[in-house]
There are 2 protein chains.
Amino acid sequence: MSTAPAPSSRDLRHPASEDIRLEAVLHALSDPMRLQIVRELAVGRDELTCSQFALPVTKSTSTHHFRVLREAGVIRQCYRGTAKMNGLRRQELDDLFPGLLDALLAAADRQAVRLGEG
Amino acid sequence: MSTAPAPSSRDLRHPASEDIRLEAVLHALSDPMRLQIVRELAVGRDELTCSQFALPVTKSTSTHHFRVLREAGVIRQCYRGTAKMNGLRRQELDDLFPGLLDALLAAADRQAVRLGEG
DNA sequence: CGCTTCGTACGATAGCCATCGTAGTACGTC
DNA sequence: GACGTACTACGATGGCTATCGTACGAAGCG
């Protein structure tokens with residue numbers, strides 16, 4: 001018992017797979033900033049630190065958006081040194097809602113191209 | 001000029017296909033009430049009147065939800081006598097975001113079963 | 001121990017939104 | 001015209017949320 005981990009501000013709570021709600025996922029992705037984060041996470045297979053995203057908002061607001069994504073069950077976060085790593089919960093989302101994440105990402109890509117970003 | 005249609009409160013404005021935004025669609029579907037409406041619309045192939053939905057809210061609130069769905073481009077509404085008919089814009093959504101609507105409906109079904117509704 | 005980097009916590013603010021109730025409009029029928 | 005049905009419009013309200021700034025904490029590096 002000597003290694004009981006003291007609760008810390010660095011403990012990150014994630015919903016269990018079975019607690020992920022479709023409505024919460026959709027709400028999380030209905031914000032342009034958060035949809036952008038998820039799109040960037042989806043292209044690389046590796047995790048990214050929060051600061052690797054060039055979001056047009058302050059750091060406070062970024063923190064907020066990452067937390068919304070985490071609490072909805074879309075991403076998983078953990079600390080590595082001073083950095084905070086972010087990764088898509090792809091496997092769990094695919095198990096819960098087969099095909100949904102791919103369809104969402106494809107839809108976002110398609111719209112980005114259509115609106116002249118691509 | 002005798003047949004110039006006077007603008008009326010019964011004119012319903014719908015976004016054109018190219019003005020439908022993924023974020024707006026996701027936001028529209030992130031409300032449990034509206035997701036339920038869309039699920040019920042999806043099972044039947046016919047249009048339904050507003051009053052055919054047994055929603056646990058007042059009629060005012062229903063009107064609000066149907067309008068959000070229409071303005072997001074998810075449903076198409078038109079009057080038939082005193083009734084207002086509602087239909088999914090399935091073809092247009094499939095053209096814009098192939099596979100998305102099906103994946104969303106499948107995800108909603110799956111979650112309903114998982115949560116013990118089915 | 002300082003210093004830097006990275007992210008958090010907290011409070012404030014402004015805007016959006018789900019809900020309701022009441023009053024009203026449009027249509028069909030008698 | 002009178003009545004009923006179906007839905008709307010408007011205003012209110014309470015809650016949520018995206019944004020910011022400032023101050024702080026945790027880890028690494030010299």
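Just so we're on the same page: letters track the sequence lines, and every chain starts at 1.
A salt bridge (Lys or Arg N to Asp or Glu O under 4.0 Å) check over residues 61-80 of chain B, counting only residues at least two apart or in different chains, returns the pairs B/Glu47-B/Arg80, B/Arg76-B/Glu92. Among residue pairs with one or both ends in residues 25-35 of chain A, those qualifying as side chain to side chain donor-acceptor pair (under 3.5 Å) are A/Arg34-A/His65; sequence neighbours excluded.
Look at OH on B/Tyr79: it is 9 Å from C1' on D/dA6, rounded to the nearest Å. What separates CZ of A/Phe53 from C1' of C/dG7 is a distance of 14 Å, to the nearest Å. Across the protein-nucleic acid pair, B/Gln77 atom CD and D/dC7 atom C1' stand 10 Å apart, rounded to whole Å. For the pair B/Asp11 CG and C/dT25 C1', the interatomic distance rounds to 14 Å; values are reported in whole Å. The interatomic distance linking A/Ile37 (CD1) with D/dA18 (P) rounds to 11 Å, in whole Å. Distance, A/Leu48 CG to C/dG7 P: 11 Å, rounded to whole Å. As a whole-Å value, the separation of B/Phe66 CZ from D/dA6 P is 14 Å. D/dA18 atom C1' lies 15 Å from atom CD of B/Glu23, rounded to whole Å.
By the rule that hydrophobic residues join a cluster once side-chain heavy atoms approach within less than 4.5 Å of another member, B/Met85 and B/Val68 end up as members of separate clusters.
Put simply, the side chain of B/Pro56 reaches to within 4.5 Å of the side chain of B/Met33, judged on heavy atoms.
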Task: Nucleic acid footprint by protein, nucleotides 15-21 of chain C - heavy-atom cut-off 4.0 Å, B for base, S for sugar-phosphate alone - done: --SSBBB
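Of the side-chain N and O atoms in A/Ser51, one or more sit less than 4.0 angstrom from OP1 or OP2 of C/dG7. Under 4.0 angstrom from either OP1 or OP2 of C/dA9 there lies at least one side-chain N or O belonging to A/Arg67.
Looking only at distances, a side-chain donor or acceptor of A/Arg114 sits under 3.5 Å from a matching main-chain atom of B/Glu18. For A/Glu23 (side chain) and B/Pro32 (main-chain N/O), no donor-acceptor pair under 3.5 Å exists by modelled atom type.
Nearest to the side-chain atoms of B/Thr82 among the listed nucleotides C/dA9, C/dA26, C/dG7 stands C/dA26.
Looking at heavy-atom distances under 4.0 Å, A/Thr49 makes contact with sugar-phosphate atoms alone, never a base.
Checked by atom type, the side-chain pair A/Thr61/A/Thr58 shows a donor-acceptor distance below 3.5 Å.
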